[in-house]
Chemist: 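Quick one: structure below, then a few questions.
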Amino acid sequence: MSGDATTGAGDARSGLDERAAARRLDDLAARIAAANRAYFQDDAPDITDAAYDALKRELLALEARFPHLVKPDSPTAQIGAEPAEGFSKITHAERMLSLANAFDAADVADFVTAIRRYLGLATDAPLSLTAEPKIDGLSLSLRYEEGRLISAATRGDGETGENVTANARTIAQIPQRIAGAPAVLEVRGEVYMSHADFAALNARQSASGGKIFANPRNAAAGSLRQLDAEITRARPLKFFAYGWGQLSAPLASTQSDAIARLAAMGFPTNPWMRRCDTLEAMLAHYAQIEDQRAMLGYDIDGVVYKIDDLALQARLGLRSTTPRWAIAHKFPAQLAWTRLEAIDIQVGRTGALSPVARLAPVTVGGVVVSNATLHNEDYIAGRDARGGPIRDGKDIRVGDWVQVYRAGDVIPKIADVDLSRRPADAQPFVFPTHCPECGSEALREEGDAVRRCTGGLICPAQAVEKLKHFVSRAAFDIEGLGARQVEAFYTDGWIKEPADIFELRAKFGSGLQQLRNREGWGEKSAQNLFDAIDDRRRIGLGRVIFALGIRHVGEVAANDLARHFTSWRAFIDCVERASLEPAAHAPDARARKPLLPQSPAWAEITGIDGIGEAVALALTSTLSQVAERASIDRLIAHLDVQAPPARASSGSPVVGLTVVFTGTLEKMTRAEAKARAESLGAKVAGSVSAKTDLLIAGPGAGSKAAKAAELGIRIIDEDGWLTLIKGIDAANGPGDG
Ligand code: IVH
């Protein structure tokens with residue numbers, strides 16, 4: 001979309017004759033459709049909300065003046081972008097994961113050390129890893145059955161992706177048929193566009209008045225995710241295979257040999273992959289790749305290290321979103337200088353006041369940046385959380401020249417300020433002590449870097465942000481109900497809290513009269529929305545917990561909680577019990593710790609792998625607020641909350657069992673045993689109780705074994721355990737899924 005979307009915004013254009021009005025209507029419709037696509041399909045809004053609203057307003061005003069010119073497909077009769085008939089979905093046979101990041105050599109060293117510790121390997125025992133460029137494109141999973149390409153899917157949320165089979169078939173580098181492959185083979189890799197092809201594409205787009213892409217990755221994503229595969233065919237996409245998903249038979253016993261096999265089958269693989277036997281060799285190869293970066297002809301944003309031995313990969317296994325056996329070593333951020341034009345304060349869903357830098361637009365690593373985060377008031381003032389100086393104590397003022405950087409995908413940040421260019425009249429920034437949205441006092445708790453609005457549910461900004469979070473992709477993800485619609489519904493008073501979403505259909509009755517009259521809604525779109533909402537009444541526990549938008553409870557923590565509790569009732573009961581303990585509302589987590597060392601509900605929550613005190617405190621303090629809890633109860637009444645599927649548990653004989661490890665384990669470390677058992681659907685407890693199903697006792701087992709014997713609990717040794725879980729080891733072998 002061209003950058004002049006605001007031209008004509010708010011312009012009454014009163015002098016327009018009918019022909020000019022018709023032309024302007026077409027133009028507006030095209031602009032709005034393009035903005036919708038960028039927003040809803042590409043997740044990359046390319047105009048501001050204000051500019052979008054101005055286009056919409058102008059369109060509505062013109063349609064009101066020339067009603068006979070209104071087209072049935074006018075954007076005022078649609079919600080969002082294309083209706084449901086976008087791409088169909090494909091559920092990945094093995095999840096598509098992302099990678100943990102390392103930002104310097106010390107992080108890489110820590111990664112290797114942690115792996116050695118996990119595997120119980122001495123520091124001098126041999127351990128090889130592969131090192132290869134991290135391609136800056138988008139990941140694609142190709143499924144071959146009996147040597148034929150049968151489907152291709154984007155990563156999506158890791159569980160389900162978009163079916164882009166027709167598009168993938170147009171990419172010359174992707175073989176349609178392969179020889180010498182296992183009956184089922186999922187090849188995973190990165191689709192990307194070379195620098196030369198990107199420049200040529202943009203030149204063609206510019207000549208034909210088409211969309212100009214900001215960088216090769218956007219161009220690759222935009223080209224692959226085309227509903228019309230013929231457009232994809234015309235775009236020069238390339239592919240590197242770097243891994244695999246489901247396999248009916250192993251490809252090899254090492255990562256490097258498996259990739260070599262894929263190369264032999266005809267897949268492009270990256271020539272810069274090396275096997276490294278030491279940390280020094282890994283870092284040297286990183287340096288070499290970084291050195292070559294500008295000459296490669298395509299974008300990379302780091303180096304990926306993977307454990308070479310696939311049996312070790314299998315032992316290391318997966319965390320919730322990343323494998324333990326790989327890490328991405330990112331290149332340092334890209335930098336640029338520009339002028340800070342203003343500092344705005346945004347209010348988030350937990351009430352946090354976040355300062356945002358409005359910048360004179362500047363290109364940083366191929367992307368135009370005009371906003372950056374300023375973190376919090378201390379950051380602006382030039383001090384860290386403990387009062388020590390950052391940027392040598394230099395504060396940031398409106399009018400300053402600031403250094404902006406981007407590291408990978410993250411929001412741009414401000415690294416430095418050039419005092420020699422500071423305007424003489426620049427004033428220190430005064431951080432507001434009241435919420436700019438609702439006027440409530442904004443307070444900073446001791447030990448918290450962030451100032452928060454105390455308005456709670458009365459603060460419209462918090463309410464809207466909570467609702468946006470509620471409908472976001474990893475939460476309820478309701479088709480046709482995105483951030484923009486939620487905002488409009490909130491403003492109109494139709495949705496004030498999540499429960500209201502599920503009452504919309506009933507509220508508006510079968511006539512849908514009011515909704516139909518509303519800007520942008522037709523009967524069909526409203527009906528589709530209600531159906532999409534109904535689809536989400538049945539929903540997984542992890543999504544529900546995440547959707548509540550509780551501080552510190554991200555997607556990973558929410559899923560950890562869901563796997564542990566498996567039902568809403570069990571979860572909320574436990575949180576309730578933990579909140580009822582005396583001092584549960586102590587504002588400071590550190591204050592309550594010595595008071596309640598034994599609280600069983602608290603111990604249960606903090607005993608969950610990955611859940612710490614901050615999460616437990618956020619859960620108890622949020623869910624014990626009367627208004628908040630009532631609002632959540634109203635929501636739950638509309639839902640049929642589903643237990644999470646046990647992970648990798650098909651055929652697992654230990655799914656649902658509570659197991660305890662005791663004594664010395666000889667074939668695996670304790671951490672590995674625990675992670676493996678959990679990945680097979682067992683619960684691992686620290687002590688023996690009547691709930692224990694199985695005790696795995698190694699040499700030196702003491703009181704736990706005695707207690708288990710007393711309680712009549714089944715006791716096996718390490719070999720017995722390994723035999724028990726053996727069959728499933730193979731089925732859950734390594735891979736990138
Ligand atoms: S391995 C199990 N190798 O980076 C994880 N990923 O940040 C499998 N990527 O989603 C990833 N180049 O799209 C791997 N050489 C490479 C890669 C690579 C690019 C992408 C991939 C992944 C993302 C994670």
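Each ligand, and each atom within it, is numbered from 1 in the order the structure gives. Because the structure is predicted, anything quoted here is derived from the model rather than measured. Because only heavy atoms are used, hydrogens play no part in the values below, and waters and symmetry mates are left out as well, while side chains stay in.
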Chemist: Does any non-hydrogen side-chain atom of R143 lie less than 4.5 Å from one of V184?
Modeler: yes
Chemist: Please check whether K306 reaches ligand 1 - meaning an N/O of the residue sits under 3.5 Å from an N/O of the ligand, judged on distance alone.
Modeler: yes
Chemist: Kindly assign one of parallel, tilted or perpendicular to the pair F240 and Y192, based on the angle between their ring planes and the thresholds 30° and 60°.
Modeler: parallel
Chemist: Run the numbers for me: atoms of ligand 1, each under 4.0 Å from some heavy atom of L97, listed by number.
Modeler: 2 (C), 5 (C), 10 (O)
Chemist: Let me have the donor-acceptor pairs involving side chains of residues 152-159, under 3.5 Å, with sequence neighbours excluded, atom names and distances please.
Modeler:
unit_1	atom_1	unit_2	atom_2	d
T154	OG1	E162	N	2.9
R155	NH1	L97	O	3.1
D157	OD1	E159	N	2.9
D157	OD1	T160	N	2.8

Chemist: Judged by non-hydrogen atoms, does R188 sit under 4.0 Å from ligand 1?
Modeler: no
Chemist: Would the F111 and H329 ring centres measure less than 6.0 Å apart?
Modeler: no
Chemist: Take atom CZ in R169; do more than 12 heavy atoms of anything else shown fall under 6.0 Å from it?
Modeler: yes
Chemist: Against heavy atoms of S139, which atoms of ligand 1 measure under 4.0 Å?
Modeler: 10 (O), 13 (O)
Chemist: Considering only heavy atoms of R155, which atoms of ligand 1 have at least one such atom less than 4.0 Å away?
Modeler: 10 (O)
Chemist: I want to confirm something. Looking only at heavy atoms, which of Y242, W325, W244, Y305 is nearest to atom 21 (C) of ligand 1?
Modeler: Y242
Chemist: Side chains of T669 and E672: does their closest heavy-atom pair fall under 4.5 Å?
Modeler: yes
Chemist: For P323 and ligand 1, answer yes if some heavy atom of the residue is under 4.0 Å from a ligand atom, otherwise no.
Modeler: yes
Chemist: At under 4.0 Å between heavy atoms, is it the side chain or the backbone of M96 that contacts ligand 1, or both, or neither?
Modeler: neither
Chemist: What part of P133, side chain from CB on, backbone N/CA/C/O, both or neither, has a heavy atom under 4.0 Å from ligand 1?
Modeler: backbone
Chemist: Does ligand 1 have a heavy atom under 4.0 Å from the side chain of E132, from its backbone, from both, or from neither?
Modeler: side chain
Chemist: For residues Y305 and Y286, establish whether the separation of their ring centroids is below 6.0 Å.
Modeler: no
Chemist: Could you note down all residue pairs passing side-chain hydrogen bond (donor to acceptor under 3.5 Å, both in side chains) where residues 262-273 supplies at least one of them, sequence neighbours left out?
Modeler: N270-Y298
Chemist: Using a 4.0 Å heavy-atom cut-off, which part of V304 comes near ligand 1: side chain, backbone, both, or neither?
Modeler: side chain
Chemist: Could you list the atoms of ligand 1 found under 4.0 angstrom from a heavy atom of E190?
Modeler: 9 (N), 13 (O), 19 (C), 20 (C), 21 (C)
